Colleague: 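Sharing a structure below in structure tokens format, with a few things to ask.
In what follows, every heavy atom counts, from backbone to side chain, and hydrogens, waters and symmetry copies are set aside. All figures in this text were calculated on a predicted structure; none of them were measured in a lab. Throughout, protein chains are lettered first and strands after them, A, B, ... in sequence-line order, and every chain is numbered starting at 1.
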Number of protein chains: 2
Amino acid sequence: MVEDTRGPADGSRRRDAGATREAILISAVEAFTRAGYDGAGVREVAGNAGVTAMLVNRYFGSKEQLFAEAVDRSFAPRTVVGDDPDALSEQTAKAVARRTAPYADDLDPFLLMLRSAANPRAAEIIRAGIERHVGGHLTGLLSGTDAEARAELLLSLIAGVWLMRKVVATPALAGMDEESLAVRLRELMRMLVDPPPDGAGP
Amino acid sequence: MVEDTRGPADGSRRRDAGATREAILISAVEAFTRAGYDGAGVREVAGNAGVTAMLVNRYFGSKEQLFAEAVDRSFAPRTVVGDDPDALSEQTAKAVARRTAPYADDLDPFLLMLRSAANPRAAEIIRAGIERHVGGHLTGLLSGTDAEARAELLLSLIAGVWLMRKVVATPALAGMDEESLAVRLRELMRMLVDPPPDGAGP
DNA sequence: CCACCATGTCTACGAGTGTAGACTCATGTC
DNA sequence: GACATGAGTCTACACTCGTAGACATGGTGG
């Protein structure tokens, strides 16, 4: 009886709206992270959740709204940037180096962003998600002038490394060991975090 | 007589294989830069070149091969990173700040990359294109240890800023004035270009 | 015990995709 | 002036996409 390919073993979860909705959302995060907004289909998301495509639209309204909730779910936990302002450079650099290592393929919000930003609708949703979850939080951790811009530059650096190391897979960066990368990144991040260079007064 | 929408006014270029091929390639660079590999269709590329979709495949074999040639064409001219090793940080920082300004919407290879990297086939083609055109050139400009990795980190920084400022359009970075951004970027790039920190001898 | 409503599925549509084969027509040479 | 060759087009196929409406079904309150 191999009738059902994936999902909850065809008998565990039946007629449980909350659990089904959750399963769809989790499947959506996984699919959007792996293939991006345009590359992931509603049928694929539904299939990996053990339901039909129509149920996705019944619960989430449309693919776009499903993506919006998936972005929220993916960006909500702070897995990359920590909470301690003093150790921000150190911890973030280590986290980026570790989570972009070749063996690690977690479900990172950065991967979801990089693979979905090509679509303008998706890009707008991502922008809103960043502003709501990470942008404000990160800006609050920084002190000095241009905190918001420096926070977004920090995100730019992280996203760029993620892109080149994991998505495009440029050889030297993809093969770089975690320690060396963490050292380089920490120095770069220190420049954005610690000393606000500021314009010298006249 | 508004029978033909775009292209060479329906009478200028007729039965000129070379010119037609060139027109298709230019149209492809524009379309792939604006919408990415998945977002741009062969019919759209053909239409903007004033021909039919089939001619594209007749000249380029397939959409994938067309994309490969478009990547080559887009990455060949060195418009962002200069040729002078001494002024590399200064010139590159200024170029990035200027070409990611809100008013500027040129046909940048970085935009093409960012909007196409979601597709794995396209990502592989882009990786090859970077290695062939910019990677080696940039590595040659750097001296010291880990030149290749530092070159790719430089590209990561550029790509990240391009992504956040132009594609995702994060507010603070999108609205940042060119001068301030150039200053920040120059300092960050100096750290990757000028002094190879190197491991201190034991 | 039965009816009801939420939960989930089936069929289908219209549009769009990349691409293959057959076709038309202009152009240059004998 | 007829004809071969190459430039370009037309029609069509097999497929996927997101989504709408009608239908089936299971758990639960009366």
Side-chain angles (χ1 to χ4, degrees), chain A residues 3-25 27-28 31-32 35-70 116 118-122 125, chain B residues 3-25 27-28 31-32 35-70 116 118-122 125:
Chain A
E3 43 189 10
D4 219 15
T5 57
R6 284 161 294 247
D10 180 73
S12 62
R13 181 199 76 236
R14 284 183 13 184
R15 304 188 75 76
D16 184 340
T20 301
R21 212 190 119 98
E22 182 70 11
I24 293 174
L25 190 53
S27 169
F32 286 138
Y37 180 81
D38 287 327
V42 179
R43 285 173 175 81
E44 175 191 353
V45 170
N48 286 2
V51 295
T52 31
M54 266 315 295
L55 207 62
V56 175
N57 268 14
R58 267 181 106 67
Y59 276 141
F60 294 90
S62 69
K63 184 186 180 182
E64 199 171 315
Q65 293 176 0
L66 170 68
F67 180 73
E69 288 211 32
S116 301
N119 186 297
R121 308 281 199 96
I125 293 172
Chain B
E3 43 190 10
D4 219 15
T5 58
R6 283 161 294 247
D10 179 72
S12 63
R13 180 199 75 236
R14 285 184 9 186
R15 306 189 72 77
D16 183 339
T20 301
R21 210 190 121 98
E22 182 69 12
I24 293 174
L25 190 52
S27 169
F32 286 138
Y37 180 80
D38 287 327
V42 179
R43 286 170 175 82
E44 173 191 355
V45 170
N48 285 3
V51 296
T52 22
M54 267 315 295
L55 207 61
V56 175
N57 267 16
R58 266 181 108 68
Y59 276 142
F60 294 89
S62 69
K63 184 186 179 181
E64 200 171 312
Q65 294 176 355
L66 170 67
F67 180 73
E69 290 212 32
S116 301
N119 186 295
R121 309 281 199 95
I125 294 172

Colleague: Tell me the interatomic distance from B:Leu55, atom CG, to C:dA20, atom P, rounded to whole angstroms.
Modeller: 14 Å
Colleague: Round to the nearest Å and state the distance from B:Ile24 atom CD1 to C:dG18 atom C1'.
Modeller: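 One finds 15 Å between C1' of C:dG18 and CD1 of B:Ile24, rounded.
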Colleague: Send over the distance from B:Asn57 CG to C:dT19 P, rounded to a whole Å.
Modeller: 5 Å
Colleague: Tell me, which pairs form a salt bridge (Lys or Arg N to Asp or Glu O under 4.0 Å) where one or both residues lie in residues 45-62 of chain B, sequence neighbours left out?
Modeller: none
Colleague: Among the nucleotides D:dT19, D:dG8, D:dC10, which one has an atom lying closest to any side-chain atom of B:Arg58?
Modeller: D:dG8
Colleague: Rounded off to whole Å, could you give me the CZ-to-P distance for the B:Arg121 and C:dG18 pair?
Modeller: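 The distance from CZ of B:Arg121 to P of C:dG18 comes to 14 Å, rounded to the nearest Å.
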Colleague: Which is true for B:Tyr59 with a 4.0 Å heavy-atom rule: it touches a base, it touches only sugar-phosphate, or it touches nothing?
Modeller: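 Counting heavy atoms under 4.0 Å across all strands, the contact made by B:Tyr59 is with sugar-phosphate only.
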Colleague: Do B:Ser27 side-chain atoms and B:Ala23 backbone N/O form a donor-acceptor pair below 3.5 Å?
Modeller: no
Colleague: Does a distance-only test, which skips hydrogens and angles, find a donor-acceptor pair under 3.5 Å between the side chain of A:Arg21 and the base of C:dT7?
Modeller: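 No, no donor-acceptor pair under 3.5 Å.
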Colleague: Let's see if you get this right: which residues in residues 62-69 of chain A place a heavy atom under 4.0 Å from DNA chain D?
Modeller: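 Listed by number, they are A:Ser62, A:Lys63.
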Colleague: Between B:Lys63 and B:Phe32, is NZ or CZ placed under 6.0 angstrom from the six-membered ring centre and within 45° of the ring axis?
Modeller: no
Colleague: Suppose we call a contact any N or O donor and acceptor under 3.5 Å apart; does that hold for the side chain of B:Arg43 and the base of C:dG18?
Modeller: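 Counting by modelled atom types and ignoring angles, a donor-acceptor contact under 3.5 Å is found here.
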Colleague: In terms of side-chain heavy atoms of B:Thr20, which of C:dA20, D:dT19, D:dG8 is nearest?
Modeller: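 Nearest to the side-chain atoms of B:Thr20, counting from C-beta on, is D:dG8.
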Colleague: State the OH-CZ distance between B:Tyr37 and B:Arg121, to the nearest 0.5 angstrom.
Modeller: 7.5 Å
Colleague: Quick check for you: to the nearest 0.5 Å, what is the distance between B:Glu64 atom CD and B:Glu69 atom CD?
Modeller: 13.0 Å
Colleague: Calculate the interatomic distance between B:Asp16 atom CG and C:dA26 atom P; express it in whole Å.
Modeller: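 To the nearest whole Å, that distance equals 17 Å.
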Colleague: Output the rounded distance in Å from CE (B:Met54) to P (D:dC13).
Modeller: 15 Å
Colleague: Under 4.0 Å, heavy atoms only, any strand: does B:Ala40 hit a base, just the sugar-phosphate, or nothing?
Modeller: sugar-phosphate
Colleague: Test side chain to side chain contact (heavy atoms under 4.5 Å, CB included) on B:Asn119 and A:Asp38; report intermediate values, then the result.
Modeller: CA-CA 9 Å; B:Asn119 186 295; A:Asp38 287 327; over 6 Å; no
Colleague: State which of D:dC10, D:dA20, C:dT7 makes the closest approach to the side chain of B:Thr52.
Modeller: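 Closest nucleotide to the B:Thr52 side chain: D:dC10.
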Colleague: May I have the distance from A:Asn119 (atom CG) to C:dG16 (atom C1'), rounded to whole angstrom?
Modeller: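 My rounded result for the distance is 15 Å.
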Colleague: For A:Val45 and A:Ala31, work out which heavy atoms get closest and say how close.
Modeller: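 Taking A:Val45 first and A:Ala31 second, the nearest heavy atoms are CG2-CB, 3.8 Å.
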Colleague: From D:dG18, C:dT19, C:dT9, pick the nucleotide closest to the side chain of A:Val42?
Modeller: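 Minimum distance to the A:Val42 side chain belongs to D:dG18.
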